[in-house]
Amino acid sequence: MAKINVEGNEYTSKKEIIKASDLSTHTSFFSVDSDDVSKKIKENTQIKSASVEKAFPNKINIHVKEYDRVAYVADDGKFIPILENGEILKSNQGEDTHGDAPLLVGWTNGERLEEMIKELIKIPDSIAHSISEIEYTPTDVNKMFITLYMNDGFEVTANIEDLSKKILAYPQIVSELGPEAAGVIDFEVYDGLYDPYFKDDKKEDEAEEAQ
């Protein structure tokens, strides 16, 4: 009789992984083929890699690595994860919260969404985790235009292409603006030569009040 230990899983339950492995406490220790079990576990769309080790006399150690979650889409009150490999999980795999990755708003499956996911994968976690929502906001002249809503209250406007490079400047820009600032940071034309444009909400309000 084998004892089964599962490690490395955060989103996929131990029960799911053991079910995928076709192992049970009634499985003969000596009949277990580690490579075969590993392949079966990786058939789960959330599992990036799996290693299986047999520890004599009767223990099976399964270590998995899951695909990172780069974004979520809302569906009928649930948040459906999008994985780093571009896989959108099924609606019955949705969750009640999405605190570990931004929520995508106004997107449909297609080329633009694929490009957005590719950019999100390249954004460092420290910055990606500061993004609350990413809304697809195309204009008549710019079909790549997006608006990001940040957890610190700022808005960011940008193009999908090269977002992962331009957004690297965000922490420095925010620190220079100071804690009292509020407004929109425009990365649309920023390329390292031109500074991003900042529209100060407070100054806009003061100007309107002065009229």
Side-chain angles (χ1 to χ4, degrees), residues 2 4-27 32-52 60-138 143-151 158 160-161 163-164 167:
I4 306 168
N5 179 52
V6 178
E7 297 177 342
N9 57 310
E10 181 179 356
Y11 303 107
T12 317
S13 70
K14 177 181 177 180
K15 184 178 180 180
E16 285 181 90
I17 294 169
I18 293 176
K19 181 179 180 181
S21 74
D22 276 344
L23 298 176
S24 75
T25 54
H26 299 290
T27 302
V32 174
D33 183 322
S34 297
D35 290 338
D36 182 57
V37 173
S38 176
K39 289 178 182 178
K40 289 178 178 178
I41 294 172
K42 285 190 288 185
E43 290 178 4
N44 184 303
T45 55
Q46 300 192 66
I47 303 300
K48 187 174 186 177
S49 63
S51 60
V52 179
I60 307 296
N61 293 316
I62 299 173
H63 186 84
V64 299
K65 180 175 177 58
E66 297 166 312
Y67 285 107
D68 288 336
R69 297 176 176 214
V70 297
Y72 289 84
V73 290
D75 180 43
D76 195 24
K78 290 285 188 178
F79 298 104
I80 311 304
I82 300 176
L83 308 182
E84 62 178 287
N85 61 350
E87 181 84 23
I88 302 176
L89 298 187
K90 298 176 182 178
S91 59
N92 64 358
Q93 294 173 296
E95 301 169 3
D96 295 326
T97 61
H98 67 97
D100 58 339
L103 177 66
L104 300 186
V105 178
W107 299 79
T108 56
N109 289 339
E111 182 180 352
R112 303 287 187 237
L113 178 59
E114 292 175 5
E115 292 177 23
M116 186 71 255
I117 292 170
K118 288 178 181 177
E119 289 300 305
L120 282 171
I121 292 168
K122 294 183 283 187
I123 296 175
D125 288 346
S126 59
I127 298 177
H129 290 166
S130 68
I131 305 171
S132 175
E133 296 182 7
I134 302 176
E135 185 176 4
Y136 181 47
T137 52
K143 300 304 181 184
M144 304 290 280
F145 197 62
I146 55 175
T147 302
L148 290 75
Y149 300 93
M150 312 301 286
N151 289 323
I160 298 172
E161 67 266 26
L163 174 67
S164 60
I167 201 70

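Here the shortest heavy-atom pairing between Val70 and Pro102 reads O-CD, 3.5 Å. Ser21 approaches Lys40 most closely through the heavy-atom pair O-CD, 3.9 Å. Across all non-hydrogen atoms, the minimal contact from Ile160 to Arg112 is CD1-O, 4.0 Å.
Between the OG1 atom of Thr147 and the CD atom of Glu135 there is a distance of 6.0 Å, given to the nearest 0.5 Å. In this structure, the separation between NZ on Lys65 and OG on Ser49 is 7.0 Å, given to the nearest 0.5 Å. Put simply, CG on Asp68 and CD1 on Ile82 are 13.5 Å apart, with the number rounded to the nearest 0.5 Å. To the nearest 0.5 Å, atom OG1 of residue Thr137 and atom CD1 of residue Ile146 are 7.5 Å apart. For the atom pair CG of Asp100 and NE2 of His129, the computed distance is 6.0 Å after rounding to the nearest 0.5 Å. Between atom OG1 of residue Thr12 and atom CD of residue Gln93 there is a gap of 8.5 Å, rounded to the nearest 0.5 Å.
A heavy-atom distance below 4.5 Å is not found between the side chains of Ser91 and Lys78. No side-chain heavy atom of Thr27 sits less than 4.5 Å from a side-chain heavy atom of Ile4. At a threshold of 4.5 Å between non-hydrogen side-chain atoms, the residues Glu7 and Asn61 do not count as touching.
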task: Output, in order, the C-alpha distance, side-chain angles, deciding distance and verdict of side chain to side chain contact (heavy atoms under 4.5 Å, CB included) for Val32 and Val37.
output: CA-CA 8 Å; Val32 174; Val37 173; 4.0 Å; yes
- request: Could you go through the side chain to side chain contact (heavy atoms under 4.5 Å, CB included) check for Thr45 and Tyr67 one step at a time?
  value: CA-CA 8 Å; Thr45 55; Tyr67 285 107; over 6 Å; no
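Partners of Tyr136 under the ring pair (Phe, Tyr, Trp, His ring centres under 6.0 Å) rule, at least two apart in sequence or in another chain, are Trp107. With sequence neighbours excluded, the residues satisfying side-chain contact (heavy atoms from CB on, under 4.5 Å) with Ala50 are Ser38, Ile41, Lys42, Ile47, Val64.
Side chain of Asp33 to main chain of Asp35: a donor-acceptor pair is present (N/O by atom type, distance under 3.5 Å, no hydrogens or angles).
Residue Lys39 places its NZ atom among 12 or fewer non-hydrogen atoms of other residues, nucleotides or ligands, all under 6.0 Å distant.
Under the salt bridge (charged side-chain N to carboxylate O under 4.0 Å, His left out) test applied with Lys48, the options Glu87, Glu10, Glu66, Glu84 reduce to a single match, Glu84.
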List the atom pairs, donor and acceptor, that lie under 3.5 Å between side-chain atoms in residues 113-123 and the rest of the protein, sequence neighbours left out.
{"from": "Glu119", "atom 1": "OE1", "to": "Leu163", "atom 2": "N", "distance (Å)": "3.1"}
{"from": "Glu119", "atom 1": "OE1", "to": "Ser164", "atom 2": "N", "distance (Å)": "2.9"}
{"from": "Glu119", "atom 1": "OE1", "to": "Ser164", "atom 2": "OG", "distance (Å)": "2.8"}
{"from": "Glu119", "atom 1": "OE2", "to": "Lys122", "atom 2": "NZ", "distance (Å)": "3.2"}

